[in-house]
Each structure stands twice: as structure tokens, then as C-alpha cells.
Amino acid sequence: MKKTKTKPQISLLSLSLSLSLSESKMKEEAMEAILRNTVQNSLRHFMYKNAIFFSEFLCAEFPSEANLQLLASCYLQDNRAQCAYHILKGTQMAQSRYLFALSCFQMDLLNEAEAALCPANEPIAEVPNGGAGHYLLGLVYRYTDRRTNAVHHFKQALSLDPLLWTAYEELCILGAAEEAAAVFGEGAAICIQKQYLHHTFASHNSHVSEEDRNLTSSRNLVSAEEVSPRQLKQLSGNNVREVPGSCQGMTTSVRGAGQPPNGVYHLSLYNTPSPIATQFSAAAPPPLCRNLQPNGSNTSTAAADSSPRSTINSTIQAPRRKFVDEGKLRKISGRLFSDSGPRRSTRLAAEAGANAGTNAASVAGNGTNNSSKYLGSSKLSSAAFRSVTVRKVPNWANENFDEGMRNEVFDDCRSNIVSGAGALPSVDNKALDQEGATMPCSGVLLNNSKVLTGTAEILSLLRLFGEGYRLSCMYRCQDALEVYSKLPHKHYNTGWVLSQVGKAYFELVDYLEADRAFSLARRVSPYSLEGMDVYSTVLYHLKEGMKLSYLARELISTDRLAPQSWCAIGNCYSLQKDHETALKNFQRAVQLDSKFAYAHTLCAHEYVALEEFENGIRSYQSALRIDSRHYNAWYGLGMVYLRQEKFEFAEHHFRTACRINPSSSIIMSYLGTALHALKRNSEALEMMERAILADRKNPLPMYQKAKILESLESFDEALEVLEELKEYAPRESSVYALMGMIYKRLNMNDKAMLHFGLALDLKPSATDVATIKAAMEKLHLPDELAEDS
Amino acid sequence: MATESSEGEEEGKLTGGSPVLSEDDDLREKGKKASWSVSSWKSGNGVSSLRDDSLETYWQSDGAQPHFVNVHFEKKVKLQLVVLYVDYKLDESYTPSKVSVRAGDGFHSLKEIRSVELVEPTGWVYISLSGNDPRETFVNTFMLQIAVLSNHLNGRDTHVRQIKVYGPRPNPIPCQRFQFTSPEFNTYAFVR
């Protein structure tokens, strides 16, 4: 028998009323609870306008920072970062700072984002929201060119929450990632397991000891993390970055790092002048998660409580629980004190009880700077809180509730994941869900061993994904492909993996295989834009105009606001040699996402094709500002300088590109060309040899080698190389033309004529025709009058 | 130095003119990086009208014939084609009739490379600078001069609405004498 939400609320209320709180206060509490409930409902159903309306109503009626956070999260969900920015400006609670930083980041106000996450005047302040906070901070540092700091924070994020895949991706891009086996290995397994297994139900409730209060954490997010990486990958194309699992600090306690329990966020409520009712309601939803602070009493209590009965159902919890469901909380706290009821509810009650008080004063326990602010008031209020909660004694300890909860949380979970934008992780909520140890994961109660095996399985897959990605970023593409091939079919045949495979083949200059992989990827996930910019370049290289324009059209119809779509269109026009239009399209891609490095590089290529070298250089440099390991841009700059005959600059840039991508034979051959232009011929020849070895299919280094030998007057060697080259590319006019030139210099006129004729047969460009014919004419002139062509 | 046509001065008559400018893939307009000047002009109809991509505006000379349009390049360029937009219907007696194209290192060393007579042209008129010899496809020069020697109906001054100058597209791959023709080479020719 299902009970509606309102009923429990009402009965709860009536009970409360009977207790000592004044009627008006209860009414207010009820009002606030109902409003918050409405907001949450609306968010769950993506009815943002409704959610925003009620949040604003709520804030007007019950101004408090927690409510502001709720409103901000509504704005963020609705992609209105600027609104969230304005309302959260100046707020100090950790959660508010996190949301504020997120808004700043989305508005590209990186300095403010940094200041919010990492206040300048509090150097040892904790980064809010643990892993998520570190991730966001890492992004801020990355985009403000502070690589070391960025790397540090991404690593921190990963250590706090090993399932923060996007942090690992960022490390790979920055070239600072450790091997996946290490990151997603034993340590990670332990961390995750702890988060699930330590659902320590703090004491028995009434006793909210100071220590107990420390037991708060929102490990609930762990679950979020599990589901999020993959889903995020497939769901939110562009926003993956901006949505660091908004996990509220994964338990750092495991590593001993003190983290303000998420409860803190709600506790700071106590600072704001608000009627007790507000405080109460705000703090009411006890973050029923445990903060494994290495705090003596805590852990002991925890240990004591976290009996084997831990039903760690909370796994798939809504990572970004927007807001506490007031009603649910009341239910839970009610259960706290109900004697009857099934085993689960009792446990639930026990947890709730303990947590209720705990959370309230959890801040107190933490010795962190942030919490110190709240220390005073929180202690007071916690008492009040405790007393209030204790009073709530609804007595439906029924299974239905569990069912209801289960379903709801599940929905939330899913909806939260899908929603993408940083939602307001209300600890409470999550805590709630978690504690709702009634939250079975897919209907199966999780127990220790299952968690262990589940975790192990996930991590083993992550190791493959991670290692593959890391190797791709280091351009060890063959190795990366090998790693990806070890994935089980169901994972290999996903858009993401196939895209990565495509990119790996692209880097190996195997455009046909790349085309195959990418088109498979498109068949599997036709709506995904990941890697489609690279696919369009592959088609450009293959000169497949039809396929390219088809791809572009499909991409545009899927998402007009994705930079990849405009990159594809630009490539289309570029293939048709309409460089001006191509440039316009690439510029549009840049406008849509100025942090998309490849769009800048493509713009630059077009500028160079139009011979606007200054603009080209500028665009390449923009690309490098975003991603200093974007070797295409280094290469592009080298080419510009080569054209401008600034050979030393060219050499430097090609060398840098080479260092980043040591397996690219094309770059090596251009480096050799630059060296040859600088008259460092032995080095040049060496480089050509390396290029030849790197990729036997690349004919260019051999050709360049022959040219260098010719300039060194080693004509026979040059001819030898060219003869070999003829096997590789029998229809390349320039090979015959060069041979003709060499024979001419050797005064072997017959051979020269033969080769010039062959060269002409292969239809070279008009300029070359002119050159060759001029050379042929000169063959008939006596030596003294012959000029070098 | 400009290469002379092996057959001496050529006279050619050109009639008509295409309404649409069709640009060859192999060619690239070289006038953007050049310095343009005219021998004389009427106020408001100066040299900028020759390069503003608008067919409504025109250059009007203001003096004795012949009238010159001088194009100075920063360095020697290979040129292949000169295209003029002239319109007899609109300009009647201002329409150029005899046009001579000269090239050289400077004013003192200009030599005529092409001379044409236009007959009631209405649109884009293509004047190729190539000689018959394939070695003479291009004119490698520092300076080009387009001289209007006479107009239709013996007009004194002339109107020219637009002028474009074309040369071959440079090799996309720097430091390469020859361009690549085969897909094997082109695949590996560059990184995008």
C-alpha cells in the first residue's frame, strides 16, 4: 500500500505540533518543507521554470543560505550560470562556494572561481566538496596556464574519489597521468569499498556525542561516480567538464584528509539569522552518511555500528541530489524513533537518529578552518536540532515507505545523472538516500562481498579505458589500440571507445582504418559528437567530399551548438578549396567553445592557406594556450616559419612537436627539411632516416633524403633512393622530375629526357610543367650556356 | 625582366566579356599585396574604385592619353592573367579600346608583353599573359602596367570598373620545388 508523500508529512506535523514548539513555528517549518519538496519535485521532472519560481518564493519567504543554494542549483540546472553567480556572490559556506565557483567557471570568470574554491586569505582552507572541488579547481588552473597546480589538484581529486574519470582524462591531456593500473588499482579499490562498506550507523541516536557529530560525509556520491563517468560520456557532450561529478567531497577521511563533512553546508545555516524553524528544516535532513574521520571515537563508534548488517544499498545514489526531500527526511527521522517496523527501518532509524544530531554539529568536530566559523552556532543549534528531531515520531515503519523511497531515489539518481549541470548536492539528501539502506541497487541488496567484486570489476575495466586513453595522449597509438582491444565487446562497441580507436588510427596516419572505426562509432551512437571533428579531418584527408558533407549535415542537425559540427562543415569547404568560407565556419566553432583547441588550429590552417600568416600564427598560439600538447599547432607554426624562411624558428617548433608526438614520421621529415635549410645536412639526413623507420609507408622522408643527397652532390645515392621510391609511389610526378634534374646535372641527357617525359605524363601542376619544359629545353643547349633551372 | 613573347608584339581582338568572374583553382589573385596607382583620375573616381570589388564604382581618368594603371609588387611574382571589367553599354565612349600590358622592374624598364583591342566589351575581359611556349606560361616581374591607349568612339578619358591580376597558386608545401601529384605523397604531405 503506497502512501503519498503528503500524508506522512501531515502526520509528522501533527505530532510535532503536539510537542513544545509553537504552532507558528511549525507552520513555517511545514511551509518551508513543502516548498523545498515542490522545488525538488520540479527539478526531478526537469520543470525548471516551476522549480525556479518556487525557489525564489522560498528564498523570499525563508531567506537562508541553504535556500540560496537550492535556488542557485535550479539556475545552474537551467543553464543560467549568471543568475547563480549573482545570488551566490559573497557566500561563504563550502557548498555555496562550490556552486559559485562552478557558475564563475561557466561564465569564464576563472579568477573568481579560483578565489571561491581557494580563498587567498585562507591558504589552508579546505577545497569544498572534496574530489569535485579539486577537479573544478584543477580545471581553473589548467585554463589559466598553471599546469603544475592543475596536475596537483586533479591528482588530489582522484585520490579522494578514484571514480572521477574526467580528472584522469585531464591528467592524460596534460601529459601527467600515471599508469592506469596504479590509479585504478588496489588503493582505489580500497577507497571505494570503504566508502560503501562504512556505512557506519553511528550510535544509537539519542546520544549525539560530540564525536558522533563528526560522522558525516556524503559518500553518497560514490555511487554517483560509478554511474556517472560512462553515462556522462555518452550523455553530455560538451558539459562533461563543467560537471565534475558534483560530488560532494567523497570521503577523504579514508586517506585521513580532513574534509568538512557535507553536513557543514547545511550547518552554516546556523550562521544566518533565521528562525529556528528554518534552521531546523534546513538542517533537518540529516546527512546520513558517515564521515570516516580518523577521529578516535568516531571510528570506534562507526566500527561498532557498521556491523555486517550494512546493507549498502545506497550505491546508485543520485550523485547530484539537488535537494533534500524534506518529506523524506521527516519520514526517516520519524523512523528513527519508531520501535516497530522491519529490520531495515530500525536500522534506518538508528542511523537517522545518530546522524541527525551528528550532522548538525558535525562541523564542530572537524578541525578545519571552514567549520570553525560555524562551530559556535552549530553546537547550539545542534542541540536544538537534536531535540527537534527526536521529537518527530511518525510511526509508519512500513515497507511501503521503503519501496517508495527506493523508487524515488532511483529516479533521482537517474535524473541527476542525466541532468548534467552541477546540481546542488545536498548532503542530506544523499545521506538520506544512502541511509535509506533501503535503497537497493537494482533491487539487490548489496553486501560486502558484492561490493568487493563489483568494485573490482569496474576498476578492471577502468584500468583498460584509462591506460588506453593515456597511451593515446602520449601518441603511443599502437599500444593504445592494443589496450582497447582487450575490452569486452559490449564496451568496445560503444561510441566513446570506437571514437578513441578512430583517433588512434588517425594519429597513425591510417586514414582508412580510422574511417572504419569512426563510421562504426556513428552507427553505434549516432547522436554523439565526441571525436567527430577528427572524423571530419579523416574524411578531408581521404578527399571524401560526399561523406564529409553528409557527416557535416548530420552533425549540424544533431547539435547546432557543438563546435565539432562547425568544424566538420569547415572541413567540407576547405576540401573544396573555399578557404574563406571554411575559415568563417571554424571561427563559428571557436565562438561556440573558445576552449576547443582544435577549432583554433583549423582556423589557423585556413589563414595559412589564405596566406594571412600573422593571423595564422595568432590562432596557432591560441590553440597552444588551451592545450600546450596540441602538437598540430606546433607543427602548424613550424610550417609557417618554414614558408617565411625563418628556419631556426621552424626547427624549434618542429622539434617541440616531435617531442610531444615522437612517432609521427611527418613531423620528423619536416624537421629534417628545416635542418637541411639550415645547412645542417648530416642532422637532416639522420632525421630522415628516423622518419623512414618510424613509418615505412611514408614516402616523403625518402624523397627529402634524395633531395638532400642531391644538394650534397651525392647523385648516385640520391638516384638509388629515388629508384626505391618509384616502387612505393610509381605515379608521383615529382619523383621523375627530380630524377630528371639529377640526370641533367650528370649530363646523362637521354635519361634526363626520359624522366622529364615521364614526369610530364603524370600531369603535374602548370608551374611544374613550365619548370620541367624549361629544363628540357636547356638539355639541348651546350653546357656553358645552360643555366640551372 | 619580363620575358618577351617569342613572336614579337601580338595584336588580338577581344569581344564580349563574361558577366561572371570565374576563378581557376590553379590561380591566385595577386593584387592584394601590391601597390596600385593611376596616371590621373577624376575626384571621387580614383584608384580605390578599381579594387573595391564593386562593379558600380569605376576609375575615371582625367588627362591626356595614354592612361596607366600601375601595379607594384613587393617581390617578383609570377603572373598569368589580367582581368578587366569594362562595360560598353554603361560607359560608351569611356570604354577602353586598345589596351597594352607591360611588365618590367620599374617604370624605366617596362616592356610590352601583350596588347589587345576590345570591341564593345560588356563584362569581364580576360587578358592572358602567357606566351605560346610552355616556358612562358608566366611572367615573372616586379611591376605591371596596364595602359589604355584609346577608347571607343575616340573618347579622351576612360572608365574601368575593376581589375584583377592572377598568378599560379604557390606550392602548398613549403621548400618544395615540385608539387605532389600522387595520393601516396599527398596523404603524408601534411598534418591537419
Side-chain angles (χ1 to χ4, degrees), chain A residues 509 511 537 540-543 571 577 601-602 605 609 611 631-632 635-636 639-640 642-645 650 657 664-667 669-670 673-674 676-677 695 697-701 703 707 728-735 737-738 741 759 762-774 777, chain B residues 1 3 5-6 21-34 53 73-81 128-141 165-192:
Chain A
V509 197
Y511 299 130
T537 303
Y540 173 95
H541 273 286
L542 289 171
K543 300 210 194 310
N571 269 332
K577 306 265 193 266
T601 308
L602 288 169
H605 288 322
E611 299 195 14
Y631 80 92
N632 314 51
Y635 156 86
M639 292 294 270
V640 171
L642 204 56
R643 207 182 284 270
Q644 293 181 326
E645 305 196 350
S664 167
S665 65
I666 302 182
I667 297 184
S669 85
Y670 278 107
T673 308
H676 173 53
D695 186 353
K697 288 186 275 138
N698 183 356
L700 252 64
Y703 183 78
K707 267 180 48 183
Y728 277 112
R731 307 198 57 78
E732 176 53 52
S733 158
S734 52
V735 173
L738 183 56
M741 291 296 179
L762 292 168
K763 311 237 187 301
S765 70
T767 338
D768 290 349
V769 169
T771 320
I772 296 173
K773 289 209 171 158
E777 290 285 316
Chain B
M1 280 280 283
T3 50
S5 162
S6 43
L21 178 66
S22 66
E23 291 191 357
D24 225 345
D25 258 355
D26 294 334
L27 300 178
R28 156 124 350 117
E29 216 269 324
K30 303 264 177 159
K32 289 202 187 81
K33 293 216 194 92
D53 277 323
F73 298 97
E74 329 176 280
K75 38 183 171 175
K76 264 198 175 174
V77 289
K78 287 205 173 88
L79 298 173
Q80 197 174 346
L81 183 66
S128 165
L129 303 177
S130 314
N132 286 341
D133 203 315
R135 279 179 297 162
E136 290 164 5
T137 327
F138 311 114
V139 168
N140 203 14
T141 177
V165 179
Y166 291 94
R169 211 174 254 270
N171 192 338
I173 299 155
C175 296
Q176 279 285 64
R177 200 192 285 163
F178 299 110
Q179 296 188 22
F180 297 139
T181 58
S182 68
E184 295 91 341
F185 270 65
N186 280 320
T187 311
Y188 286 93
F190 59 97
V191 167
R192 185 163 173 86

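In what follows, chains carry the letters A, B, and so on, assigned in the order in which the sequence lines appear, proteins first and then strands, with residues in each chain numbered from 1.
Here the side chain of Ser182(B) pairs no donor or acceptor atom with the backbone of Ala729(A) at under 3.5 angstrom. Formation of a donor-acceptor pair under 3.5 Å by the Arg643(A) side chain with backbone atoms of Pro172(B) is found in this model.
Using a 4.5 Å cut-off between heavy atoms, Thr187(B) touches chain A through backbone and side chain atoms alike. Of the two parts of Pro170(B), only the side chain, counted from C-beta on, holds a non-hydrogen atom closer than 4.5 Å to a non-hydrogen atom of chain A.
The aromatic ring centroids of Tyr188(B) and His541(A) lie 6.0 Å or more from each other.
Considering CD of Gln176(B) and CG of Leu738(A), their distance stands at 9.5 Å, rounded to 0.5 Å. Interatomic distance, Arg192(B) CZ to Leu602(A) CG, rounded to the nearest 0.5 Å: 5.5 Å. Rounding to the nearest 0.5 Å places NZ of Lys697(A) at 12.0 Å from CD of Glu184(B). Rounding to the nearest 0.5 angstrom, the gap separating the CZ atom in Phe185(B) from the CG atom in Leu700(A) is 6.0 Å. Note that OG1 of Thr767(A) is 8.0 Å distant from CG of Asn171(B), once rounded to the nearest 0.5 Å.
In plain terms, the two heavy atoms of Thr181(B) and Pro764(A) that are nearest each other are CG2-CA, 3.8 Å.
Side-chain contact check for Val191(B) versus Tyr670(A): every heavy-atom pair is 4.5 Å or farther apart.
Using a cut-off of 4.0 Å between Lys/Arg side-chain N and Asp/Glu carboxylate O, Lys33(B) and Glu611(A) are scored as salt-bridged.
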